[in-house]
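Structure first, commentary second.
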Amino acid sequence: MTHKIVITGIGATSPLGGTARASWDALLAGESGTSTLEHDWVAKYELPVTFAAQAKVRTDTVLERPVAKRLDPSSQFALVAAKEAWADAGSPELDPERLGVDFATGIGGLWTLLDAWDTLREKGPRRVMPMTVPMLMPNAPSAAISMHFEARAYAQTVASACASSTEALVHAYAHLQEGLADVVIAGGSESAIHPMTLAAFASMQALSRRNDDPATASRPYDITRDGFVMGEGAAALVLETEEHALARGARIYAELAGGGVTADSYHITAPEPEGLGASRAVGLALSAAGATADDVTHINAHATSTPVGDVAEVRAMHRIFGERIREIPVSATKAAHGHLLGGTGALEAVFTTLALNERVAPPTINVTEQDPEAPLRISGTPMPLGDEPQLAISNSFGFGGHNAVIAIRSV
């Protein structure tokens, strides 16, 4: 039996806002979540990049102190987003053995790991916290969510770099189709604004270096783009079978209509230049949705603002949509919220859901001279999507050649 999978709850804590709604409103208003870092370690380590897109709201203002103290920031973000999504879904009452968790991260408990290493070197092994391993492990966010909501069907973790949380949503879709659960909390989280990470990404020439104007540093498709902006935060979606949602009278935002996952098998950091793997992932998502390229009315692009990556994605989209790619409203929201690595796909899924629900494609800010190699329909202001039925795709691509795409349909 094939089920229709619907989205009944959304939550987020991002560089644009402490909730999904606040983040969405800031996105539509054309705000930027990127700013200069005020930490003393920026000068201490003489970092070549001095800005990032930090979470707008501190987790310690949302979570109880005893809870936050036992969680790495990546897990804190995850729990904040999941709690909002769960409440937004109406706090469903169901058998815990029918509730699952598919949550992702690209890196995991980076702050916990590196702080513990500093403690070991400076103060010795006896001062390393007993909770270090449970806090740093990549599955800690999904475990924290599972235990908070008593989700006993399963709790799984995806770690596929920047494709992680979109891939987690594809897994959640499959798990619901397979009958492993009736409701799933899915999404992703990341907290990697750390001197080591910034230094490492800068060393590989992946980050923008617009230290003098951080708010405009992320500029997907602009001819002057020079790298991505590190972001942090989390997003979560409550997914369930339509039968379950209707039975409990839930509000339905949209349908998660399908997903596709592929691998480039090309290079550890660079995308396959012609977008072959990426286009296959789009095709799989559309096939799962019972749709064709002609049905797509909106695209939330991966578009990290890197010179090579943006063009490779455009080629992939051209391979699927042909010249029609010039007509479809495209949003590159990382220009506003930065790149949340393993959490970014889930945040963009939330934005895509709201775009279809409210019939408006969010703007792509900071584009002053559009690259002729990216002949897309983008706008610095919101674009109306119309009242007719809508089908959108949201793309995520990660180091290692991971490609993940989801298709979302309006209801």
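Nothing here was measured: the structure is a model prediction, and the numbers come from that model.
- Salt bridge absent: Arg280 and Glu274 never bring a charged side-chain N and a carboxylate O closer than 4.0 Å.
- Under the 4.0 Å criterion applied to side-chain N and carboxylate O atoms, Arg251 and Asp88 are assigned as salt-bridge partners.
- Classified by interplanar angle (parallel below 30°, tilted 30° to 60°, perpendicular above 60°), the ring pair His171/His175 is perpendicular.
- The aromatic rings of Phe201 and Phe399 sit tilted relative to each other, their planes meeting at an angle between 30° and 60°.
- With Asp222 as the partner, the side chain to side chain contact (heavy atoms under 4.5 Å, CB included) test is satisfied by one option alone out of Thr216, Val367, Asp371: Val367.
- Salt bridge annotation for Arg65-Asp60: absent, with no cationic side-chain nitrogen under 4.0 angstrom from a carboxylate oxygen.
- Side chains of Leu169 and Leu239 form a contact here, defined as non-hydrogen atoms less than 4.5 Å apart.
- No donor-acceptor distance shorter than 3.5 angstrom exists from the side chain of Asn300 to the backbone of Ile393, with no hydrogens or angles considered.
- Checked for salt-bridge contact, Glu122 and Arg127 miss the test: no charged N lies under 4.0 Å from a carboxylate O.
- Two residues are said to be in side-chain contact when any heavy atoms from C-beta on lie closer than 4.5 Å; Lys4 and Glu255 meet this criterion.
- Nearest heavy atom pair, residue Ser305 against residue Asp310, reads N-OD1, 3.2 Å.
- A centroid separation of 6.0 Å or more is found between the aromatic rings of Phe397 and His402.
- Under a 4.0 Å N-O distance rule, the pair Arg359/Asp387 does not qualify as a salt bridge.
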